[in-house]
Amino acid sequence: MTRTTLPLPLLVLSLLLSLYPSQGSTLTCGSSNHGSSSTLEVMHVYSPCSPFRPKQALSWEQSILDLAAKDEARLLYLSNLVARKSVVPVASGRQIIQSPTYIVRARFGTPAQPMFVAMDTSSDVAWIPCTGCVGCSSTVFNTARSTTYKPTGCSAPQCSQVPNPTCGGAACFFNLTYGSSTIAATVSQDRLVLATDPIPNYSFGCIKAATGNSIPPQGLLGLGRGPMSLLSQTKSLYQSTFSYCLPDFRSANFSGQLRLGPVAQPIRIKFTPLLTNPRRSSLYYVNMIGISVGRRLVNIPPSALAFNPTTGAGTIFDSGTVFTRLVQPAYIAVRDEFRRRIKAGPVSSLGGFDTCYMQPVVSPTITLHFTGMNVTLPQNNFLIHSTAGSITCLAMAATPDNVNSVLNVIANMQQQNHRVLYDVPNSRLGVARELCTH
């Protein structure tokens, strides 16, 4: 009996269509909160309610290699954050916009101007494109129309808290590399409204020039732990606490929530301690101590999971990476045990995924073990199923060979339909199962 397979482009298209909903779904867009003044709607960047969704079905004909390239660029960015390098190499291969995957609606200025900003747990300073920006998208924040906008002077403490600050005249400027892009921005202050919470004199970067295609089109909201992050600037309002629930890619209306502050956070939730890397204090490091496939604890060398502030090694939770990446020894051990448990014929590869089957499979669960907390992932969090091609892939991968391959990244596909709680004052991170999709 001969096995028939789809040509790769059709196979890829069917895989992508299985990941994302139809543009024709009946949706209600525009709700800014979910019964709380401090809860924002979180949308996938390709959500039918997102302004960045593909305009027509043909846009989905990007290959799985694009997704792999996107994550590879993200890994380069994170790895070079750890290594404290100011220049990030560009990942090879065709690339789509490498912005973080999830966006929220924020309003800047007086009167308020809405911007759909990327939610990034591995960045601190917020930045948005402003009037006159060279290389930015068509949607910009008009500073002249805001009565509360003001640039920040060189003597202000914020000027020393942004990356690579410089002074020109009375204003403070900074530049940074993000993915394969660079931005130059003015340190600024203005009113920010999140859900219904007004935040006066919020410090952010007003982008004046941008290069490359990696920056989120309408800017970024930094949820890291550094001095310019949302957490640091709103300590009195939100007590450096937030959680999010990321919706499943496959749902028809994939909107989740970003919940700011300690109020209404889940009570029944397990925690693991947050670890601090003084070299990169913004990143949310945790201590992952093992991974199980089914009931079997995989034999991973302890050095592959060990936290090392000097080298940047260890494990982080990140909202911008799509598929979990493990350092080579850890991934190979997990992959080989997964393959051993799946008895479904030969293994094939597709793009960045090296463990695919040309038929439906019965899969064991995968459990991530952390100090004080176990997270058992259902199949939707680690398997991608195509429709027409009947292909199933393990949606994890090894860190790319061409990066500082010491960082394990728990990515957003593995976080979907979980409430992830960042409790910085108590230095802990919690995870609980929750259906995020509405």
Side-chain angles (χ1 to χ4, degrees), residues 1-20 46 59-75 91-96 248-250 291-294 296 298-300 304 321-368 377-403 405 408-414 416:
M1 180 177 178
T2 58
R3 184 181 66 187
T4 60
T5 61
L6 285 174
L8 183 59
L10 291 178
L11 189 61
V12 166
L13 180 58
S14 68
L15 180 64
L16 288 173
L17 289 174
S18 74
L19 277 175
Y20 301 105
Y46 293 148
S59 298
W60 289 120
E61 292 180 8
Q62 299 285 355
S63 75
I64 200 72
L65 298 175
D66 288 317
L67 287 178
K70 173 183 177 180
D71 258 6
E72 192 160 320
R74 180 71 179 179
L75 264 289
S92 61
R94 293 186 300 128
Q95 297 175 12
I96 54 177
D248 193 315
F249 292 156
R250 287 159 285 235
I291 301 175
S292 293
V293 177
R296 180 185 290 269
V298 178
N299 185 19
I300 298 173
T321 308
V322 180
F323 304 110
T324 285
R325 297 294 186 112
L326 303 173
V327 298
Q328 294 275 351
Y331 174 70
I332 290 172
V334 171
R335 177 200 67 188
D336 288 354
E337 179 60 23
F338 180 84
R339 289 178 177 179
R340 191 186 71 80
R341 294 287 300 272
I342 301 294
K343 298 177 175 61
V347 176
S348 59
S349 62
L350 181 63
F353 305 121
D354 66 1
T355 301
C356 299
Y357 300 90
M358 299 304 299
Q359 60 197 72
V361 300
V362 177
S363 171
T365 58
I366 291 180
T367 301
L368 308 178
L377 302 175
Q379 292 186 19
N380 281 350
N381 287 81
F382 62 86
L383 291 182
I384 295 178
H385 306 279
S386 69
T387 50
S390 298
I391 188 172
T392 300
C393 293
L394 175 64
M396 297 181 181
T399 51
D401 292 332
N402 59 336
V403 303
S405 301
N408 299 295
V409 180
I410 309 302
N412 61 50
M413 182 176 177
Q414 283 64 48
Q416 290 170 14

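All values derive from a computational prediction rather than experimental measurement.
Once rounded to the nearest 0.5 Å, the distance linking CG of Asn408 with OG1 of Thr399 reads 7.5 Å. With rounding to the nearest 0.5 angstrom, the CD1 atom of Ile342 is 9.0 Å from the OG1 atom of Thr392.
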Inset, instruction - I would like to know whether Met396 and Leu377 meet side-chain contact (heavy atoms from CB on, under 4.5 Å); could you show each step before the answer? - result: CA-CA 12 Å; Met396 297 181 181; Leu377 302 175; 4.1 Å; yes
Legend entry - Verdict with reasoning, Thr324 to Gln414, per side chain to side chain donor-acceptor pair (under 3.5 Å): CA-CA 7 Å; Thr324 285; Gln414 283 64 48; 2.8 Å; yes
Inset, instruction - Give the C-alpha distance, both sets of side-chain angles, the deciding distance and a yes or no for side-chain contact (heavy atoms from CB on, under 4.5 Å) between Tyr357 and Ile391. - result: CA-CA 5 Å; Tyr357 300 90; Ile391 188 172; over 6 Å; no
Legend entry - Test side-chain contact (heavy atoms from CB on, under 4.5 Å) applied to Tyr331 and Thr355, step by step: CA-CA 11 Å; Tyr331 174 70; Thr355 301; 3.9 Å; yes
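Within the 3.5 Å criterion, the main-chain N or O of Met413 finds a donor-acceptor partner in the side chain of Asn381. In terms of modelled atom types and a separation under 3.5 Å, the side chain of Arg341 and the main chain of Val293 share a donor-acceptor contact. Asn299 places no side-chain N or O within donor-acceptor distance of the main-chain N or O of Ala333, the cut-off being under 3.5 Å. A donor-acceptor pair under 3.5 Å is formed between the side chain of Arg325 and the backbone N or O of Ala398. Between the side chain of Asp354 and the backbone N or O of Val347, no donor-acceptor pair lies under 3.5 Å.
Considering only heavy atoms from C-beta on, Leu394 comes within 4.5 Å of Ile366 through its side chain. Taking 4.5 Å as the limit, every side-chain heavy atom of Gln379 sits out of range of all side-chain heavy atoms of Val361. Put simply, the side chain of Ile291 does not reach to within 4.5 Å of the side chain of Glu337, judged on heavy atoms.
Around CZ of Arg340, the count of heavy atoms belonging to other residues, nucleotides or ligands within 6.0 Å exceeds 12.
Between Phe382 and Phe338, the angle of the ring planes goes over 60°, which puts this pair in the perpendicular group of the 30/60° scheme.
Between Ala304 and Val327, the closest heavy-atom pair is O-CG2, 3.3 Å.
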